[in-house]
There are 2 protein chains.
Amino acid sequence: MLKGQMMERPLLIADIITYASDVFGAAGIVSNTVEGGIHRESYREAAGRIAQLGHALVEMGVRPGDRVATLAWNGYRHFELYYAISGIGAVCHTINPRLFPEQIAYIVGHAGDRLLFSDLTFIPLIEKLRPNLPAGLGVIAMTDEAHMPASVALPGLGCYEAMIAGKPTSFDWPELDERTAAGLCYTSGTTGEPKGALYSHRSNVLHALVAATGNRSSFGSDRRILPVVPLFHVNAWGLPYAAPMTGTSLVMPGAKLDGKAVFELMDGEGVHSGWGVPTVWQMLIGEMQARGRAPAGLQQVIIGGSAPSLAMITTFEHDFGVEVIQGWGMTEMSPIGTTSMLQPAEQALPLEERLKLKAKAGRRLFGVEMKIVGPEGTRLPHDGKAAGDLFVRGNTISSGYFANAAASAEALDAEGWFKTGDVATIDAAGIMTITDRSKDLIKSGGEWISSIDVENAAAGCPGVGTCAVIGVPHPKWGERPLLVVVAKPGEAPRREEILGFLAQRIAKWQIPDDVVLVEALPMTATGKVSKKDLRERFKAHVLPEVAGGGAQT
Amino acid sequence: MLKGQMMERPLLIADIITYASDVFGAAGIVSNTVEGGIHRESYREAAGRIAQLGHALVEMGVRPGDRVATLAWNGYRHFELYYAISGIGAVCHTINPRLFPEQIAYIVGHAGDRLLFSDLTFIPLIEKLRPNLPAGLGVIAMTDEAHMPASVALPGLGCYEAMIAGKPTSFDWPELDERTAAGLCYTSGTTGEPKGALYSHRSNVLHALVAATGNRSSFGSDRRILPVVPLFHVNAWGLPYAAPMTGTSLVMPGAKLDGKAVFELMDGEGVHSGWGVPTVWQMLIGEMQARGRAPAGLQQVIIGGSAPSLAMITTFEHDFGVEVIQGWGMTEMSPIGTTSMLQPAEQALPLEERLKLKAKAGRRLFGVEMKIVGPEGTRLPHDGKAAGDLFVRGNTISSGYFANAAASAEALDAEGWFKTGDVATIDAAGIMTITDRSKDLIKSGGEWISSIDVENAAAGCPGVGTCAVIGVPHPKWGERPLLVVVAKPGEAPRREEILGFLAQRIAKWQIPDDVVLVEALPMTATGKVSKKDLRERFKAHVLPEVAGGGAQT
């Protein structure tokens, strides 16, 4: 090999905050605090505090490769922990506080965390969990001395501000190998125990670069992004890295995620772009409709985590003039894989077609490769019709799971591609559409029915609020679809009405064999409908006899 | 080291064109051709032709590590060569046709080129040079069979279109080590023989990512960039990589670089952003002034290569509403190091202050580190006052020169930083200002006089067209400045007028001891004033006695 004669410098996370401090010293972080009130710091001030925190961590004995956990909302101290922990070569392990307490205890133990940094909100939870946590685990409250709780259950409870006070505001960050582990995030574990994705400096820096390159309209030193997506959820989609790298300020909502609080924070701080899951945007839309306007300055929302409905996209774009960009990804993808940004010819389409395009997962970011594969392992064409198991490959994608040989062994196919668990089509224009999670597909008489297709059709039915479709056992067809519906407040749609509505919209063999109304759908810790729980609940549901059910006619 | 569990995929140039073809299939390249007329191809079509070219190169025996040279204008075939040569693991060696013929022969020999691809324009030059070129060098004319010249001096002359015709339009690009050499570009050699910067796949892909991230306003699938900067000059500032990566179309001017041709191409093709050196923009400004308008759609010009004058910036921004962004870099930096993009608080400044900021080199891109160093090798503060030798470090920066141990040994300092040869200040806001090339500084009585400062002042004097300041030997002060002036057409500014003008603007000890008028300034092959030639011409110039000359009063 003839090697280039270029410097080989490691891609390191610490360089991002140093860069922001040098070059975008005026931009920074606005935080709604748990203690009350708004806190503001520039990236330059953040860099100083991150250095102080780095010194404190080293003094506390944190060594390269150690895991340091966080249980915290989106705020400036959580941001500082991201950089200081990774900067000294340790691993920033963000924990989702919405997991079941026993899952949190499992994760802390499995990760072997040495320290746990927690917002005041979660101190009672840790007190309750303390007997199930490792004895040597140090706990630090992310607050100042004035707000320290008197915790009997946590006798050695540390104080974040006391820890860093007086430490030097610069740090000679070590020159790590760029493949060094930097972050750890467990999947929500809809099947089996949670599994940990272990990010590297290289993967996180490259993710920030490709996210900023692929999604240019969100970033800039004249822009402010509000990450509703939590910092405890897969790096807040990379914003803690991509924002300072581009001089974009971050507006952190803290614990206040209801529609009113998010609206008012956006409105008051001139937020340009909001990033979050559909659930939060549904609450914001309610607030916008009540006030008859969007927050001042809000230009776009990035929606991920689960697919937004066409109705949500239409409300943002058509009713309020706020651009919607859908992002698709996974914890194991750092997370962004695709976005639904439109290209010039698509922008010129009629509104309805434009919005339908935005309802698709969209086109891949540079560096993310995708393939779809049929049942026999053969590659399927990118013709927009063939649907197959979606595999991905790239520098920002997991090659296995932390301390989990069994799950690691199953993560990749023989060619080294990661199995997403989604079923998808890819069209000739490069647009990927998720047709279903492979485990949510309904296998009816040798054919697959996409639960998502049926749900999208049913969501338009008068009286239907939210809904989910699952497969339930059927003696003849193997599985048949069951539609589970939460009615709109004050309405009571009838089974026959809904099925009649669907008969006009989807093929006969895709029409659910039955409809049940429920009070609420079970949700996972990351805000998705838990079909696992639904399948458990309805596993013995007796479907009525349906003429020709399951037949493709 | 605890390694992350992320895939490690090489950063490869071929992935950029594959990505553009998959995702931005409708964007592409518009070229003014040497044969006449406009040629259009989408990135998808380009990817197919690049695959064909890759097959042709392999069949011609080109092996990984081989150097393949180009002598060509900006056009689609040159773009295709960039990708096909690097894609198969060979090295794309772009040669500047404006070099002296003996330098071209030297470079081809030094690089050990196996093949030379040439636009029709340069076939006569190659015919003349043939006796001085290696016997085994194959030459290919970048044209179709209908336009092939009947060359007696080049009996085996190949034809580009014949070479690729009928080859498969896909290529299974090899999975190279990302540090593999991909491109070679020789410096113009203002001192000594030209030296070759040898870029790697990693450095070029990272350069595209940081350029697109740091300069977001130029790129997008709704945008078209016209690279006036040649593809034979340091990767056309990275545009052949950053444009397809972001779906930005490229409008290639071919051989037609006069003001009228550039204006009409921009105007007709709706170019959003033009990238080039001041010389070209001066011609465009002339055309804009004659027509009383800017080309339709032109929003910004990126000016690099040498610093634009304040007058040029003012004309674009104030008179025509076209944004100016200055870029600073070097052949050894891939090339972009800094840009003069403003931040929100700076955008709010009065016009005059804003334009002054744009006249500075600006802030570094992510991944480019800068330090300034004093005579004793100590680091100088970033206070906007201390001027020192500028060093840079990063993945996109050369660590040495191709097959040149002597030059390589001198390229880096003991800490591994590259010596730019520039003298600069860096201020607290991260803005770097070049005060001079270190070899152009005038050392007068132990003090340094910046030739750039004096030139900038003199450029505003009525009657002065272009000018340059050099140091000439002085018995008492060592050196004193001499101002060399080209008068504006039809004008004849007098020595006393110019010196009187300067006396109002710069310190007495900085005022040149003499002024000489010349017809034209000598230029280098890359369009910069050759101060080496000026110093040679005026080395025996006798300065008049000046009262107090050189004294700091």
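Each chain gets a letter, A, B and so on, in the order the sequences are listed, and its residues count up from 1. Fair warning: this is a prediction, and the values are worked out from it, not measured in the lab.
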Inter-residue atom distance [X].[atom1] - [Y].[atom2], 0.5 Å rounding:
X: A:L2; Y: B:R67; atom1: CG; atom2: CZ; value: 6.0 Å
X: B:N395; Y: A:M7; atom1: CG; atom2: CE; value: 9.5 Å
X: B:T396; Y: A:R9; atom1: OG1; atom2: CZ; value: 11.5 Å

If you count heavy-atom pairs under 4.5 Å with chain B, which of [options] comes out on top?
options: A:D66, A:I431, A:L184, A:I397; result: A:I397
options: A:D222, A:D22, A:T18; result: A:D22
options: A:G25, A:G394, A:A212, A:G430; result: A:G394
options: A:S203, A:S399, A:A411; result: A:S399
options: A:A20, A:S221, A:G367; result: A:S221
options: A:E369, A:M245, A:R44; result: A:M245

Could you check whether any side-chain N or O of [X] sits under 3.5 Å from a backbone N or O of [Y], counting only pairs where one atom can act as donor and the other as acceptor?
X: A:R216; Y: B:F219; value: yes
X: A:Y19; Y: B:R364; value: yes
X: A:Q5; Y: B:S398; value: no

Using non-hydrogen atoms only, which part of [X] is less than 4.5 Å away from chain B: side chain, backbone, both, or neither?
X: A:Y401; value: backbone
X: A:A182; value: neither
X: A:S408; value: side chain

Give a yes or no on whether a salt bridge exists between B:R393 and A:E8, defined as a side-chain N under 4.0 angstrom from a carboxylate O. no
Please flag which part of [X] lies under 4.5 Å from any non-hydrogen atom of chain A: side chain, backbone, both or neither.
X: B:Q347; answer: neither
X: B:A197; answer: neither
X: B:F402; answer: both
X: B:E178; answer: side chain
X: B:S334; answer: side chain
X: B:R63; answer: neither
X: B:I426; answer: neither
X: B:V368; answer: neither

Please say whether more than 12 non-hydrogen atoms of neighbouring residues, nucleotides or ligands are located less than 6.0 Å from NZ in A:K419.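 Count not over threshold, so no.
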Would you say CG of B:D383 has more than 12 non-hydrogen atoms from neighbouring residues, nucleotides or ligands within 6.0 angstrom?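 Atom CG in B:D383 is packed in, count exceeds 12.
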Taking all non-hydrogen atoms of both residues, which atom of A:L209 and which atom of B:F366 are closest, and how far apart?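 Scanning both residues completely, I find the closest heavy atoms to be CD2-CD2, 4.4 Å.
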Minimum heavy-atom distance B:V23-A:Q343, with the two atoms named: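 Minimum heavy-atom separation between B:V23 and A:Q343: O-NE2, 2.6 Å.
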Using the salt bridge (Lys or Arg N to Asp or Glu O under 4.0 Å) criterion, which residues pair with A:D15? Sequence neighbours excluded.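 In terms of salt bridge (Lys or Arg N to Asp or Glu O under 4.0 Å), with neighbours along the sequence ignored, A:D15 is linked to no residue.
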Suppose we screen for side-chain contact (heavy atoms from CB on, under 4.5 Å). Which residues come up paired with B:T180, at least two apart in sequence or across chains? A:M1, B:L176, B:D177, B:H201
